[in-house]
2 protein chains.
Amino acid sequence: MFQSATLPQKLDKATFAALEPDLRRDLLAAQLEIIEKKPVSTIVLVAGIDGAGKGAAIARLYEWMDPRHLLCNAYGEPGEEERLRPPFWRYWRDLPAKGQTAIVFGSWYQAPMRARIDGSLSVDGFERQMAAIVRFEQMLASEGVLLLKFWFALSRETQKKRLKALKARGATARHVLDEWTGVKNHDKARAVAEQVALHTSTAFAPWVVLPSEDAQYRDAALAQTVTAAMRKALDAPDAPPPAAPAVIGGVKRISAVDAIDLSPALAEDAYEAELTRWQGRLAALVDRKAFRDIALVCAFQGNDAAGKGGTIRRVTRALDPRFYKVHPIAAPSDEERARPYLWRFWRRMPRKGHVALFDRSWYERVLVERVEGFAREADWMRAYNEINAFEAELTDFGIVLCKFWLAVSADEQLARFKAREETDYKRHKLTDDDWRNRLKWDQYAVAAGDMVDRTSTAYAPWTLVSSQDKRHARIAVLKAICKRLEKAL
Amino acid sequence: MFQSATLPQKLDKATFAALEPDLRRDLLAAQLEIIEKKPVSTIVLVAGIDGAGKGAAIARLYEWMDPRHLLCNAYGEPGEEERLRPPFWRYWRDLPAKGQTAIVFGSWYQAPMRARIDGSLSVDGFERQMAAIVRFEQMLASEGVLLLKFWFALSRETQKKRLKALKARGATARHVLDEWTGVKNHDKARAVAEQVALHTSTAFAPWVVLPSEDAQYRDAALAQTVTAAMRKALDAPDAPPPAAPAVIGGVKRISAVDAIDLSPALAEDAYEAELTRWQGRLAALVDRKAFRDIALVCAFQGNDAAGKGGTIRRVTRALDPRFYKVHPIAAPSDEERARPYLWRFWRRMPRKGHVALFDRSWYERVLVERVEGFAREADWMRAYNEINAFEAELTDFGIVLCKFWLAVSADEQLARFKAREETDYKRHKLTDDDWRNRLKWDQYAVAAGDMVDRTSTAYAPWTLVSSQDKRHARIAVLKAICKRLEKAL
């Protein structure tokens, strides 16, 4: 969820000033049309790190929208009337009517997150509460409530600075409630937020992470997301609400994939030594007796021509052919098309003691199928959730799962394409599709960024690797696999 | 789930023989059309009480359908290949292709139910597994799998007899696997099955209970349900799969509501004495200090003219007006219509120490709104689940929830309607709607039966009361409230 959350997303003053009139006009127009046609009621759920400027961002919404149809519901510790009724009562009481928009601070997520952070709630108890929340939100979605859940994200450093400044200005009392997401709990809060997102970021009510390092970017992203969601509710009521905008006022959102440092490189000599070293280490690891109780699954994704195949070969060279299999994933077969999407990957799951390497993987649904329109939006939106659940089942069972994104720059890709054209025995590797995909470079980058954000979990994190220098990539991948295996064994 | 499951549903030989050709023809026609058009793959999930004749019923399906497109997957203890992979792997491996129908014995429900029955799985762990199953089944539904889940139900007595007969015939080995739902565990199995249904009977994959006391009824109901579901997948793919058929070969399914004994009556003298006694008891109960920590909510439903109002007045007479409220539920207001369905009931939830009596209730969605078509099928189908979750939230909080169905016969209703017409001060109580509803007596009976089956839970059971004699009904209701309160206090 949070891979790209604390990247330095920025909108400078001039850009923001130029953008503001349009943002306002579009947001207000969408709101007024919702009020007139009443297709939905809207809930803007506000959560996130203390000091991220939730209040300031909402104040901006108030400024830009028609406040007569806005409610702001802030919940703290339950009051007397609330304590005397079931916990969800107060949220039901304040549900906005169709046409209205309610902004909710201190939502139904607050109590379970807080209790999880301070340790008073067990994992099982927490998951039960998350399941109850999913049921509640599913009901809201079925009943025509447009639910937008925003997580205001901030790096620890910025948070520290901001809170210090706030304190200096004498702002204390109104922050007391939020202290559980304060600096002291920053890392814990982030880990719990990831768990929350994992269970409750559904196709009908996905979380949207708002990078809040820069106030202008934050406010523009918030307004644009609300506008887009209202617009969708008006024009395509059956589609899921949109994720965070990829472009704001001409400024592209920096994704975790965009932020990969492409500079690392390895000289030939050093490479050979490292290769021998890490291949030997990998061979020794899978040879251990304890490996028979686990299994290794690696998924390789990346830009076209990033060198997935070559990297996979460097991995397999360390392995006994009896115990590994490489699965190149292309278009599904008829048999596969006739069954649920993940079937083709389940059927390739290795036994314990074995290794499966996927050259492209189950992530194709949220990459090529999304960008090329092979899957409907509702289908690839639910895929994030299904994939997270799928990977949880694998890792719960003791499978070590490594996911690699191999990145090259657009220029480097072009150079490699040309080299392939010019080399006889490489020409077959270059297809018309490759050229076509290249034209959609930006869309693929957005899809890859969303993928990394939405499917990086504690149990199955993405490893983002620069493949600008292939030697660097190969060693980085081998190293990452060894480290994960060592931890598991 | 199981209120009507063990009622003596029967199809005699002659009726069944007359019915069989149509059942076969329709089932086969639906299957062949599914094979040809491949809109879905079908899973017939078979579960239930040992000795209910699951195998025999499935054998009949094989006889009636085209077996070339039928798979039968029976799962027991995982084999070696299965143990080496995550638990769900074997179910994924065997997913039927579009056009195919798979019959599944020993499904993903088996392990958690078994572990819950023998006590090796905690409630939290069980609920976690149920949540994983719901995710899995939601994925199946989204991917175009028609999932039909049958619970073969049998009374303890019949089960005992059947198993004895089976044993006498030397049938043992093939039943070993099912022993956890044997006679010894009958009540436990039923309780766990109720929990399973509560969590996993969703709008997209509802459980269908097959009363299996009579083999012919069982097989006909199975075939008819499969046919109807396939037909729906062909004609109305977005509608949820159908519930158990209400009429088979002209024979109406006996619902729990149909089975209410209407004979009890109370003489005037006895009534007065009982009334004083139970009203006094109720007054004393709500006066206890401990009552301030709980609350009482009663929902009254029943046939028109069954005497809900009069019964409610007999209850309120025992209560202090400062602490109770009667909520007559008619058509929703504009304010209510603009919000999710349950909002109008949440807003009427009493504080602790208070009493709320609902004259008609949140059940109207699955009664009048279902029968009159005010709610779409997908909406009233999900209402069962939402209501169960709603009532769980109330009772978890300490609210005592009593739900009454007041029943009169069709003849008695007619007599009361006529009496109302003839009595000046009662005439206002009779509307054209009442006459119209009466024409749909059978449909209302089916809806009421489904409601009782699908929303009778351990924490909020239905109390079915004959109101053929009003005096009997009033005392029965007062008594039931007192008993529930006594248990809670």
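Atoms considered below: every heavy atom in the structure, side chains included; atoms not considered: hydrogens, waters and symmetry mates. Proteins come first, then strands; the chains are lettered A, B, ... in the order of their sequence lines, and each starts at number 1.
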request  = Pull out the residues in residues 126-142 of chain A that come under 4.5 Å of chain B, heavy atom to heavy atom, sorted by number.
outcome  = A:E127, A:R128, A:R135, A:Q138, A:M139, A:L140, A:S142
inquiry  = Quick check on the structure: residues of residues 374-390 of chain A within a heavy-atom distance below 4.5 Å of chain B, by number.
reply    = A:R382, A:E386, A:A389
Only pairs of heavy atoms separated by less than 4.5 Å count here; which of [options] has the most with chain B?
options: A:P96, A:G353, A:A392, A:G398; answer: A:P96
options: A:E335, A:K352, A:K38; answer: A:K352
options: A:L342, A:I399, A:V145; answer: A:L342

In the structure I gave you, are the side-chain heavy atoms of [X] and [Y] within less than 4.5 Å of one another anywhere?
X: A:V104; Y: A:Y109; result: no
X: B:K325; Y: B:V355; result: no
X: B:Y324; Y: B:L296; result: no
X: B:Q31; Y: B:H69; result: yes

request  = Give a yes/no verdict on a cation-pi contact between A:R93 and A:W89, requiring under 6.0 Å between NZ or CZ and the six-membered ring centre and an angle within 45° of the axis.
outcome  =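 Pair A:R93/A:W89 counts as cation-pi.
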ask   = Is it the case that A:R348 places NZ or CZ above or below the six-membered ring of A:F358, under 6.0 angstrom from the centre and within 45 degrees of the axis?
value =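 Judged by the rule, A:R348 and A:F358 form no cation-pi pair.
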key: Salt-bridge criterion met for B:R347 and B:E336 (N-O under 4.0 Å)   = yes
request  = Decide, yes or no, whether a salt bridge links A:E80 with B:R351 under the criterion of side-chain N to carboxylate O below 4.0 Å.
outcome  = yes
request  = Could you check whether the rings of A:W92 and B:W346 sit parallel, tilted or perpendicular, using 30° and 60° as the cut-offs?
outcome  =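 A:W92 vs B:W346 ring planes: parallel.
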ask   = With a 4.5 angstrom heavy-atom cut-off, which part of B:R83 approaches chain A: side chain, backbone, both or neither?
value = backbone
inquiry  = Go through it in stages, so that I can follow the logic: the residues are B:R339 and A:S41, the test is side-chain hydrogen bond (donor to acceptor under 3.5 Å, both in side chains), and I'd like the CA-CA distance, side-chain angles, deciding distance and then a yes or no.
reply    = CA-CA 8 Å; B:R339 289 178 176 81; A:S41 55; over 6 Å; no
query = Side chains of B:E143 and A:W343: do they bring a donor and an acceptor to under 3.5 Å?
reply = no
inquiry  = Assess, by modelled atom type and distance only, whether the side chains of B:D94 and B:Y75 contain a donor and an acceptor separated by less than 3.5 Å.
reply    =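 Their side chains do contain a donor-acceptor pair, which is all the 3.5 Å distance test asks for.
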query = For the candidates B:A295, B:S122, B:P350, which exhibits the highest count of non-hydrogen atom pairs separated by less than 4.5 Å from chain A?
reply = B:P350
